[in-house]
Amino acid sequence: MTSQQLATGALLRYLHGNTEEKAILQVVGIKTIDSKTDDPSTGTKRYRLMLSDGKSTFSSCMLGTQMNHLIDNRSLKENSIIRIQRVMMNTIDKQSGRVMLMIYELEVVESDCERIGDPVALPLSDIINSGSSSNRSETASNIPASATTAALPSTTNVIRQGSKALPTLDDRNTPKKTTSESTRATSKGNNAIDKERITNIDTLNPYMNKWTIKARVSSKTQIRTYENARGPGKLFSCDLVDQSGEIRATAFNVECDKIYPLLEVGKVYYIARASLKPVNRQYNALNNDYEMTFNYDTCIEACDAGEGDNIPQIQFNFIPISEVANRAANSVCDIIGVVKSTSDMQTIMGKTSQKEFHKRDILLVDENASITATLWAKQAEEFDGSSHPVIAFKGIKVGDYNGRTLSSVNSTLICQDPPETSRTTELRVWFDREGKTMDLPDLSKGSDVANRQALFKTLAQITAEGLGLGDKPDYINVKALLTIIKKDSAVYMMCPERGCGKKVVDENNGTYRCEKCNKIYTNFEWAYMLSAEISDVTGSQWINIFRHEAEALLGISADEFGNYRMNQNESIIDNVVNKAMKHERIFKLRAKVDQFNEERKVRFTCTHVSDVDWAFNARRLIDEIKQMEPMSL
DNA sequence: CCCCCCCC
C-alpha cells in the first residue's frame, strides 16, 4: 500500500460536505471518548479516530458505536487502512463553526499496515471555513476532487474572505435548492419533510437538528394514562425501522392524541423533527443508542403506496436462550425458540391489586437451552402452541424467579415463524430432527446447576480454586484467545446413524464400520471434535470444542472442513483456523473431573462461545449499579 | 415527561 492509494484530499472534500465518496484512508490514531460526556445511560464507549488521506490528517472523526466491535476485536487499529462507506459531517459548535465527521460505516481494507507518507494536520482555518455555504455547492458539484486538493492550502484565505458567515448545521444539511425553498423548509408544517434527503435511523443523534427518516411502524402500544408528581398524563410509543436500524418513539399528551391516529402498524412514513435522548436499557432492547420523543413540531407524512416496499418490517436482535442466564433481571431482550410445550390457561389473583390475571406458560427451546416464557391476558388467550411453532419475541422481559424466566409485557411483539430471519428454518429443521427429543438444560429450573450464571474467572483462578474437581460440573466464563487449534484432528468420520455419534472405521473399500452400532455403512458424516488451547494473561488451558461451538468459531460446517481436509486444501484450512484465533472471545466452559484408571483429570468442554460484547458489558454494569442502594452524600 | 405488566 502506497500513499497514492490513499484518497488524497478526501478529508477536506468530506469537510466541504461532499460525503458521497467512499475514500480509502488510514487510521493514524484511536482514542476513546469519556462515556460520561457522550452517552450516560448506556455507558457505551465511543471512539474518536484520527484519519489520514496521505497528505493531511483530521482528528475529529467519531466512529459510530455500531462499528466499535472492529476496534474491540482488533481488526481496526492504528495504521489500519479503511474504506469509508458512510460518513456525515456535523457542526460541533455553531459559534466557532467547528465540524466533525461521523463515520457510520467503514470497511477494514488492511488491518496491519505501516504509516503511509508524512501527513500533517489540516489547518484549523481550513476546517472552520470549509463548510461555508457559498463555497460548498461549488465544491460539491463543480470542482473536481483533484483540483480541490491541489488548491490547498493556498486558497484558504480566499475561502475565508469569500464568506464570513460560519457554517451551521442548517446550512449544511439543506440540500442545494433555491433560496425561497430553503426558507420554506425552516417554517412549520410538512415542508420540514425532505424526501430527497433521508437520514438513516442508525445515524440519528441528539446533536443533529435537521433530518427526515423514512421508517415503518413495526409496533405500536395502546394509549396509556399515568399520574405522577407533575400531574396526570398519557402516552403511547411505537417502534420505527428502516434498512439501517430501529428506534423507539414516544408521544405524550397533546402529541399523543394528535399522532396516535396518524400511525398505523406496518405502514411507512416520513418523519421529521423530533427530540432524541439516550436510550434507557431497562425498558428498551432496540439496537439504537437513542430514543425519540415526538414533540410539538414533529412532522409525519404517510408514504405513498409502494413507496416504502424496501423498508423492512421488523428488526430482531436475538440472543441465544442460554445467554438469558447472563442478563440482568428486568431487562428486555429479543428471543427466538421453538415451542416445546404449552400450559393451559391459568387464572391467578394479583397480590396487591386483588385483580384476576390470565396467564399461560410456554416452554421455549433452542439448540442449547430451554426457558419458560409467560404470556399474559390477551396474548395468553390467543396463543396456540400445539403445532410447536417457532416463535420470536421482540422486547420480552427477563425474570429471575427460580433461575431465569421470560415474561411478556404489553409492548412485547410475538411473531410466529418470522420470515425475516434464517433462524426460523434453522430452528425448525433442528427441532424436527433432534431438538424435540433432546433433554436440554432448563434455565427456569433453579436446581439445575447448568443454569447458574457462570462467573467470569481467569484461567489461573480456575486452577487455584480447584474448579471442576467437585461431584457436579462447574460452569465458568473465561475471556481468552484461542492460541492453538489441533487442525489435523479437528474433524472425525462419524457414524451416520442418528444419535450414535461414534467414530467409524474406514475400511478403505468405500465402507465404514461403526463398532457401537456393529454395522457397516456406505457413508459417514464429518463431525467436529476440536482440541484447542485457550490463553489469557494468567495462563493457558486445553479444552474440547464440539459441533455448534466449533462451527461458531471456525465459521464453516464440519462437512465443509472435512471436504477441505479430503481435498488436502491446507491453505483454506489454515486460513479458517488462523481467522478463528484472531481475537478474544468469551468461552463458557464446563469443568468436570474425569477418571482415567488411577488418574483424575479435569476436562474442559466449551458449551458456548461468544464475541466480547463490550457495549453489552457496559450496559450490564450500569444495570447493576442502578440496582444498588443509592449512595448517601 | 413513561417505565405498570401481575402468580408460584
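All heavy atoms count here, side chains included; hydrogens, waters and symmetry mates do not. A, B, ... follow the sequence lines: proteins, then strands. Residue 1 opens every chain.
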* Do A:N368 and A:S322 have side-chain atoms, one donor and one acceptor, less than 3.5 Å apart? -> no

* **Distance in angstrom units between A:K397 NZ and B:dC7 P, rounded** => 10 Å

* **Rounded distance in Å - CG (A:D361) to P (B:dC8)** => 13 Å

* Asked: Does the side chain of A:N228 get closer than 4.0 angstrom to OP1 or OP2 of B:dC1 through an N or O atom?
  -> no

* Selected nucleotide, minimal atom distance to A:Y283 side chain, candidates B:dC5, B:dC1, B:dC3 -> B:dC3

* Between A:Q243 and A:N200, does any side-chain donor sit less than 3.5 Å from a side-chain acceptor? -> yes

* Verify the stacking flag for A:Y226 against B:dC4: centroid separation must be under 5.5 angstrom and the ring planes must differ by under 30 degrees. => no

* Asked: From the list B:dC1, B:dC7, B:dC3, which nucleotide is the closest neighbour of the side chain of A:E291?
  -> B:dC3

* Contact class for A:K277 (heavy atom, under 4.0 Å): base, sugar-phosphate, or nothing? -> base

* A:R423 and A:E367 ion-paired at < 4.0 Å -> yes

* Whole-Å distance between B:dC3 P and A:I396 CD1? -> 20 Å

* Residues A:K394 and A:E246 bridged, charged N to O under 4.0 Å -> yes

* Asked: Whole Å only: how far is the NZ atom of A:K378 from the C1' atom of B:dC5?
  -> 16 Å

* What is the nucleic acid contact for A:K234, judged by heavy atoms within less than 4.0 Å: base, sugar-phosphate only, or nothing? -> nothing

* **Whole angstrom value for the distance that separates C1' of B:dC4 from CG of A:N410** => 8 Å

* To do: Answer yes when A:K258 and A:E255 have at least one side-chain N-carboxylate O distance shorter than 4.0 Å, and no when they do not.
  => no

* To do: Find which nucleotide of DNA chain B each of A:T405 and A:S411 is nearest to by heavy atoms, and output the residue with the more 5' nucleotide.
  => A:S411

* **Separation of atom CD in A:E356 from atom P in B:dC5, rounded to whole Å** => 19 Å

* Asked: What nucleic acid atoms does A:K351 come within less than 4.0 Å of, heavy atoms only: base, sugar-phosphate, or nothing?
  -> sugar-phosphate

* **Any N/O donor-acceptor pair, A:Q282 side-chain to B:dC2 base, under 3.5 Å** => no

* Six-ring centre of A:F431, A:K340 cation under 6.0 angstrom, axis tolerance 45° -> no

* Quick one: A:R248 CZ to B:dC1 C1', roughly how many Å, whole number? -> 16 Å

* Round to the nearest Å and state the distance from A:N402 atom CG to B:dC8 atom P. => 13 Å

* Would you indicate what A:N284 reaches in the nucleic acid, counting non-hydrogen atoms under 4.0 angstrom: base, sugar-phosphate, or nothing? => nothing

* Does A:R224 put a side-chain nitrogen or oxygen below 4.0 Å from OP1 or OP2 of B:dC3? -> yes

* **Listed nucleotide nearest any side-chain atom of A:N280, set B:dC2, B:dC3, B:dC5** => B:dC3

* Could you check whether A:Q379 gets within reach of a base, just the sugar-phosphate, or nothing at all, counting any heavy atom under 4.0 Å? => nothing

* With sugar-phosphate meaning primed atoms plus P, OP1 and OP2, does A:S237 contact a base, only sugar-phosphate, or nothing at under 4.0 Å between heavy atoms? -> nothing

